[in-house]
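Report on the following structure.
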Amino acid sequence: MVCVRFAPSPTGYLHLGNARVAIFNYLFARHNGGKLILRIEDTDRERSTKEFEESIIEDLQWLGIDWDEFYRQSERFDIYREYAERLLREGKAYECFCTPEDLEREREEAEKKGIPYRYSGRCRDLSNEERRRLRERGVPYTVRLRVPPNRDVSFKDRLRGFVSINTDDFGDFIIVRSDGSPTYNFVVVIDDALMGVTHIIRGEDHLSNTPKQILIYEALGFSLPEFIHLPVILGEDRSKLSKRHGAVSVRNYREEGYVPEALFNYLATLGWNPSEEREIFTKEELIRMFNIDDISKAPAVFNREKLKWMSGIYIREVLDTDTLYRYALPFIRNAGFDLTDEDYVKKVLEKTRDSFDTFTEMTERLKPLLKREIDMSEEALNLLRTEESRMVIETFIEKMKEGINSQEVKRIAKEIQKEKGIKPKIIWQTLRACITGELEGVGVDIIADLLPPEIWKERLQKGLLYVSSSK
RNA sequence: GCCCCCAUCGUCUAGCCUGGCCUAGGACGCCGGCCUUUCACGCCGGAAACGCGGGUUCGAAUCCCGCUGGGGGUGCCA
């Protein structure tokens with residue numbers, strides 16, 4: 001049975017690149033009827049926090065990803081220690097008493113000479129006697145894996161074919177830190193093996209870690225899983241997507257009011273597509289069509305514009321009214337609107353969903369419909385100060401009966417045009433300025449169908465105030 | 001520097017494996033037009049790419065080699 005895992009380290013919010021890795025793991029697992037493990041890689045106690053762990057879990061759920069098993073590496077240190085001791089006992093690893101300063105010096109020297117740095121192996125051949133003495137003296141030590149020199153470790157990557165890296169490129173590497181905590185390369189192998197992970201789907205940034213891990217698989221006698229290294233996501237400047245590119249965490253887009261399904265859809269089809277001209281797919285369709293062998297090998301540049309477009313497509317074409325309402329609600333609450341009766345808001349959303357791509361855009365767009373008191377923009381006020389505008393508003397109030405709707409507005413507008421000879425554009429812009437306080441936004445006729453007549457009257461009256469006060 | 005990976009419009013990609021159907025298709029963005037009370041939405045149209053050089057072949061975006069370019073890694077981070 002297929003078993004994959006997503007293994008974030010809780011040192012920040014869920015990054016878009018990691019979210020995409022999670023999505024591909026999820027799609028692969030579900031497509032193959034396998035299972036997905038979520039594993040929190042918090043071996044680095046310095047940088048890992050519970051808050052980030054929680055935020056990652058929340059954001060994964062928000063994206064619509066679910067998993068079958070959950071682990072936290074910080075709770076498995078006993079297991080790792082046992083395996084480290086075994087390697088030590090078997091002579092496959094050794095204690096290294098070099099200090100970080102020693103290593104730093106070695107690194108600098110290598111750099112100066114222009115040769116690639118690799119651990120000198122100073123502690124590699126210490127006698128058991130020397131090791132014991134140093135340990136007893138309380139000299140802190142790390143544990144290093146004994147790596148065979150000059151060996152080409154080659155492995156098969158499902159996307160790239162055979163990849164070969166020479167052990168001389170990295171040398172004996174640390175598997176247990178001097179504080180006793182195990183390192184990433186070590187624990188990841190133990191966990192993947194023990195948890196029965198069959199396919200390791202991860203970012204390309206781990207490609208060069210793979211030979212190290214293979215050496216650990218061998219030392220521990222575990223059998224190898226299949227490796228699939230996904231290309232990374234790049235920023236507009238073609239460097240790895242990072243904070244300096246602006247919004248790069250799922251949280252950013254969630255807070256900005258992007259539709260989660262759209263982010264899922266966008267990320268899933270960034271670097272992969274099912275050879276169709278369509279680009280909007282439900283999660284179920286993506287699961288059904290997913291084929292990991294079709295993932296592009298080249299890194300992909302993240303394009304916020306396209307994501308925004310896709311979010312808009314979900315808002316205006318994909319989401320049903322209830323879902324739209326559910327997604328919009330927190331943003332509406334947050335904006336402090338007062339016209340928030342559920343049926344009314346739903347009606348508003350249905351009529352206006354064509355005009356925004358995200359829910360923060362929505363709050364801007366819907367101000368005149370959801371707020372009782374509106375602010376008047378400078379441009380709107382300027383327009384209202386004209387004599388024509390005064391005439392439009394006065395006549396409109398006269399002609400407006402009890403109710404108001406799109407038919408009525410159009411009828412009245414036409415009458416004013418005929419009777420007073422005012423250009424339609426002026427009529428409509430005046431109404432818009434009066435009703436919304438802006439010169440652009442949702443169609444005035446649509447607003448007439450939605451906004452209660454008393455508010456219409458209220459705002460028209462108020463508009464008159466602006467007119468007269470300017471005289 | 002060294003190691004590894006990659007290469008179709010500005011960007012995401014289809015086509016490549018199994019050469020001819022490719023005068024290279026779609027999407028975002030951009031430009032123009034239509035619709036329209038404005039913006040938007042929608043519709044129609046347009047500009048825009050096989051990195052370069054060698055092979056192989058009757059024929060190459062598709063296969064091979066080199067170059068160039070891009071990316072990732074080079075931690076007691078993951």
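Excluded from the calculations below are hydrogen atoms, water molecules and symmetry mates; all remaining heavy atoms, backbone and side chain alike, are included.
- For B:C39, there is no paired base (Watson-Crick or G-U wobble, both distances below 3.5 Å).
- The aromatic rings of A:Phe359 and A:Phe356 sit tilted, their planes meeting at an angle between 30° and 60°.
- For A:Thr183, the side-chain atoms get nearest to B:A78 when compared with the rest of B:C4, B:A78, B:G72.
- Here, B:G20 and B:U57 have their C1' atoms 11 Å apart, quoted to the whole Å.
- With both ends at atom C1', the span from B:G33 to B:G72 equals 46 Å, rounded to whole Å.
- Both distances falling under 3.5 Å, in either a Watson-Crick or a G-U wobble arrangement, place B:U11 opposite B:A27.
- For the pairing with A:His229, the side chain to side chain donor-acceptor pair (under 3.5 Å) check across A:Arg158, A:Arg202, A:Lys297, A:Glu204 returns one residue only, A:Arg202.
- A donor-acceptor contact under 3.5 Å links the side chain of A:Arg365 to the base of B:C39.
- Listed nucleotides B:C4, B:U37, B:C28 differ in distance to A:Asn303; the shortest reach to its side chain belongs to B:C28.
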- Query: Please walk me through it: do A:Thr43 and A:Gln73 pass side-chain hydrogen bond (donor to acceptor under 3.5 Å, both in side chains)?
  - Reply: CA-CA 6 Å; A:Thr43 54; A:Gln73 289 185 326; 4.5 Å; no
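- Surrounding NZ of A:Lys347 are at most 12 heavy atoms belonging to other residues, nucleotides or ligands under 6.0 Å away.
- Of all nucleotides listed (B:U38, B:C76, B:G72), B:G72 comes nearest to the side chain of A:Val232.
- Counting only heavy atoms from C-beta on, A:Lys297 has its side chain closest to B:A7 among B:A7, B:U11, B:C2.
- With RNA chain B read from its 5' end, the first of the two nearest nucleotides for A:Glu279 and A:Trp272 is the one closest to A:Trp272.
- In this structure, of B:C4, B:G29, B:G71, it is B:G71 that holds the atom nearest to the side chain of A:Leu234.
- For A:Leu439 and B:U38, the CG to C1' distance is 7 Å, given to the nearest whole Å.
- Within 4.0 Å of A:Arg432, counting heavy atoms only, lies at least one base atom of the nucleic acid.
- Between A:Thr269 and the phosphate of B:U13, there is no side-chain N or O to OP1/OP2 separation shorter than 4.0 Å.
- Distance noted for atom P between B:C5 and B:A47: 40 Å (whole Å).
- Between B:C12 and B:C65, the two P atoms lie 25 Å apart (nearest whole Å).
- Comparing A:Pro424 and A:Asp179 by the nucleotide of RNA chain B that holds the closest heavy atom to each, the one mapping nearer the 5' end is A:Pro424.
- Residue A:Trp309 and nucleotide B:C28 are not classified as a stacked aromatic pair, given the requirement of ring centres less than 5.5 Å apart at an interplanar angle below 30°.
- At least one donor-acceptor pair under 3.5 Å links the side chain of A:Thr436 to the backbone N or O of A:Arg432.
- Using a 4.0 Å heavy-atom cutoff across all strands shown, A:Thr430 reaches no nucleic acid atom at all.
- The nearest whole Å value for the distance from the CG atom in A:Asp445 to the P atom in B:U38 is 11 Å.
- Atom CG in A:Leu159 sits about 15 Å away from atom C1' in B:G71, given to the nearest Å.
- Taking the P atoms as reference points, B:G19 lies 44 Å from B:G75, given to the whole Å.
- A sub-4.0 Å separation between OP1 or OP2 of B:A14 and a side-chain N or O of A:Asn273 is present.
- Remark: A:Arg107 is in phosphate contact with B:C76, judged by side-chain N or O atoms under 4.0 Å from OP1 or OP2.
- Within 4.0 Å of A:Gly443, counting heavy atoms only, lies at least one base atom of the nucleic acid.
- Contacts of A:Thr142 with the nucleic acid, taken as non-hydrogen atoms under 4.0 Å apart, include base atoms.
- A:Leu103 comes within 4.0 angstrom of a base, heavy atoms only.
- The phosphate of B:G73 (OP1 or OP2) has a side-chain N or O of A:Lys240 nearer than 4.0 angstrom.
- Judged by Watson-Crick or G-U wobble contacts below 3.5 Å, the nucleotide B:G1 has B:U74 as its partner.
- Sparse packing is recorded around NZ of A:Lys351, with 12 or fewer heavy atoms of other residues, nucleotides or ligands lying under 6.0 Å away.
- The distance between the ring centers of A:Phe52 and A:Tyr13 falls below 6.0 angstrom.
- Per the geometry, CG belonging to A:Asn265 stands 12 Å off C1' belonging to B:A27, to the nearest Å.
- Comparing B:A14 with B:C9, their P atoms are spaced 12 Å from each other, to the whole Å.
- Figure legend. B:C52 is base-paired to B:G66; pairs are counted as Watson-Crick or G-U wobble with both atom distances under 3.5 Å.
- For the 3.5 Å distance criterion, the side chains of A:Glu85 and A:Tyr80 fail to qualify, holding no donor opposite an acceptor.
- Closest to the A:Pro299 side chain, of the nucleotides B:C5, B:U38, B:C6, is B:C6.
- When the side-chain nitrogen and oxygen atoms of A:Thr43 are compared with OP1 and OP2 of B:A78, one or more of them lie within a distance under 4.0 Å.
- Set against B:A27, B:G10, B:C4, the side chain of A:Ile165 has B:C4 as its closest nucleotide.
- Atom name C1', nucleotides B:G15 and B:G25: the rounded distance is 8 Å, in whole Å.
- A:Ser239 comes within 4.0 angstrom of sugar-phosphate atoms only, judged by non-hydrogen atoms across all strands, and of no base.
- A:Glu364 places its CD atom 17 Å from the P atom of B:A40, with the value rounded to the nearest Å.
- The separation between A:Lys367 atom NZ and B:C39 atom P is 21 Å, rounded to whole Å.
- A:His229 comes within 4.0 angstrom of no nucleic acid atom, judged by non-hydrogen atoms across all strands.
- Closest approach to the A:Glu440 side chain among B:A7, B:U38, B:G73 is made by B:U38 (side chain taken as heavy atoms from C-beta onward).
- If you take CG of A:Asp205 and C1' of B:C6, they are 15 Å apart, rounded to a whole angstrom.
- With rounding to whole Å, A:Leu241 atom CG is found 13 Å from B:C12 atom P.
- Between the base of B:C76 and the side chain of A:Ser178 there is a donor-acceptor pair shorter than 3.5 Å.
- If you check every strand for non-hydrogen atoms under 4.0 Å, A:Val163 touches sugar and phosphate atoms only.
- Residue A:Ala298 has its side chain nearest to B:A7 when only B:A7, B:A78, B:C12 are considered.
- A:Phe227 and A:Tyr217 have perpendicular rings, their planes meeting at more than 60° on a 0 to 90° scale where under 30° would count as parallel.
- The A:Tyr184 side chain lies nearest to B:A78 when the options are B:A78, B:A7, B:G71.
- Only the C1' atoms considered, B:C64 is 12 Å distant from B:A60, to the nearest whole Å.
- Side-chain N/O atoms of A:Asn185 and base N/O atoms of B:A78 include no donor-acceptor pair closer than 3.5 Å.
- The six-membered or imidazole ring of A:Phe24 lies near that of A:Phe290, with a centre-to-centre distance under 6.0 Å.
- Checking the phosphate oxygens (OP1, OP2) of B:A40, no side-chain nitrogen or oxygen of A:Arg316 falls inside 4.0 Å.
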